[in-house]
Amino acid sequence: MKKTLFSLLILLGCAAPSGAQKYYEKQLQFPPQATAEEKIDMASRLVPTPQQLEWQQMELTAFLHFGINTFTGREWGDGKEDPALFNPTELDCEQWVRALKEGGFKMAIITAKHHDGFCLWPTKTTRHSVVSSPWKDGKGDVVRELRDACKKYGLKFGVYLSPWDRNAECYGQGDAYNKFFIEQLTELLTNYGEVHEVWFDGANGEGPNGKKQIYDWEAVERTIRRLQPKAVTAIMGDDVRWVGNERGIGRKTEWSATVATPNIYTRAEQQKKELGISSTSKDLGSREIVARAKELFWFPSEVDVSIRPGWFYHANEDDRVKSLAHLTDIYFKSVGYNSVLLLNIPPDRRGLIHENDCQRLKEFSAYLKETFGKDYLKQGGKRWNAQAGDSKVYAVQKGALVNTFLLQEDIAQGQRVENFTVEGYLEGSWQTLAEGTTVGYKRLVRFAECRPEKIRLTVHSTRNEAHFLRVGLFYARPIANQSTQVKLGNVPTDTWRFLDANEDIRKAFDGNTQTVWRTEGLKPLTVDMGQATDIQGFSYTPAQDDYLAGTIYKYRFEVSMDGTEWTTCTTPEEFSNIMHNPVTCFVKFEQSYRGRYFRLTPLAEIDGKSCTSVAEVGIFAATPSAEDNKN
Ligand code: FUL
């Protein structure tokens, strides 16, 4: 009891009994006169809430993107879809959950409503839901089926509810939409038992002239705390932070105690401007940036990435499920970089997780078990408190071949380590195996395989005393990368001539996604292919480096026989989500269009800038090969 009271005092950030340290839970405000040193001292005593801690300990969580897009082939629906399209033939949420459980995942988060507004549960707020679909004669409830399956197999359950709604008429009307949104949220948080994560996407493709909705985040937060006190709120929430990309790559230096004020607070924009940061910034917690900050948040990072190129299921991506090598690399760069991995596995049109994805999940979990099931370090599980400059030597099991070192801080006492080195005693001398900066909940460092007799861990710099919970030494078997080469088109480009552009435009058709054609303005790309072709679709690859300016968001695609008279092809007219997930976009037409010329006209750049960039454009024509026509 005594202990409970003491922990409570500590967690509440109250003045603790003399001699004990004072902790700040989740958030702290710096006194205006605080020095840089005082700020770092306070930063070292910022700790997670019990919910955040429990969430970080999960390590592996799963996303399930499923909805109307599964049936239209799109990534973002426009909200005009006919609910009649939603008709999974063999939906089986237990199959999803079994696959996730086997894969080692601890929670499943379902897209209860994506940007298209279609609800997977029979909501009272709109008819744009499963109720209006033929599935189970309108009497089905995907959220309920998943909830029950999670309960049966012991998985935690979370919901994704898109704030951006392209179907709701009241979207953009302030209070009216806020009421509607909170009603939807209330249904989800009241009728489905315990919810452990509520995911609010920050994405919005309305553009400068689109609808503007001012959300009532305070009311949203209040609703969640009232109805689901154990839940963490993610992205447009203040418990879990978006890592900043959808490629599955975290930061090597990742502070959970960060200067990033959650976007739901009205002051966030101003504070971020003053600090010169955004969600994608590299540095969100260094000494230098903490010294300039007014406040800090325990706001740990979540790495969200899809097992396939898209978030929703598309049959033509069945062969593009990420390889085991790729997934493993993602694991090291997410869980191994002090983040929680949120891996998306999208159910298919049958309502099942596809065999290829199931197979990969099995391989993934087998690989992690094989790697981390055998720790070659002796006594690594003993707590160790370290001051800057302290070293500790660990014995290693005789003759063990190793290449991976694991470190964990006891984050219930804050995140503190700033710099460390791992050395191995090899052939009579100490040799540096790896160096690192932050540790946090978990840090994995990889190095060239060797057989050290001993390991020495040195902490060079820390914010107050560091508390190591555990260290470990492992062997991660190298895996050959078997990623398949993707076809960007099937019409040869060597005869193509480019109208209205200089030769540099070749970079857009050279078959190399690393070379990029960049130009001022929203410039159309007009090509004479040299002969008439039945065009069935095209691909657009944006720049693959970090320089995304010029990436096309909205476009028009036209064909012509003579370069004068143009026919506009029916397309979705937007590369949905390309700003967050800049992968190759494939557009397949409902019908084929005959033309010798084609023109891709950018209508809006991802940030509304006036420039264009293209890494690659490819054309798909009707061919005898069934493979090329696969949908
Ligand atoms: C993005 C969305 O726009 C994608 O469609 C997907 O849901 C991803 C998780 O977040 O911002």
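Quick caveat: nothing in here was measured; it's all calculated off a predicted structure. In each ligand, atom 1 is the first atom listed, and ligand 1 is the first ligand listed.
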*Numbering as shown, the atoms of ligand 1 that approach H580 to under 4.0 Å (heavy-atom distance)*: 11 (O)
*Proximity of F620 and F538 rings by center, below 6.0 Å*: no
*Shortest heavy-atom approach to atom 11 (O) of ligand 1 - which of D201, T111, N581, N204*: D201
*Do the rings of F181 and Y177 sit parallel, tilted or perpendicular, given the 30° and 60° boundaries?*
parallel
*Just jot down the ligand 1 atoms closer than 4.0 angstrom to any heavy atom of D304, in number order.*
9 (C)
*Determine, for K156 against E54, whether the closest basic-nitrogen to carboxylate-oxygen distance falls under 4.0 angstrom.*
yes
*Quick one: sort the H65 and H114 rings into parallel, tilted or perpendicular, breaks at 30° and 60°.*
perpendicular
*Should you measure from each heavy atom of H65, which atoms of ligand 1 turn up under 4.0 Å away?*
6 (C), 7 (O), 9 (C)
*Which ligand 1 atoms, with their elements, are less than 4.0 angstrom from a heavy-atom of H115?*
2 (C), 3 (O)
*Hey, which atoms in ligand 1 end up nearer than 4.0 Å to a heavy atom of E246?*
1 (C), 8 (C), 10 (O), 11 (O)
*Among the heavy atoms of Y160, does any lie under 4.0 Å from an atom of ligand 1?*
yes
*Would you mind checking if E102 and R98 are paired as a salt bridge, meaning a charged N to carboxylate O distance below 4.0 Å?*
no
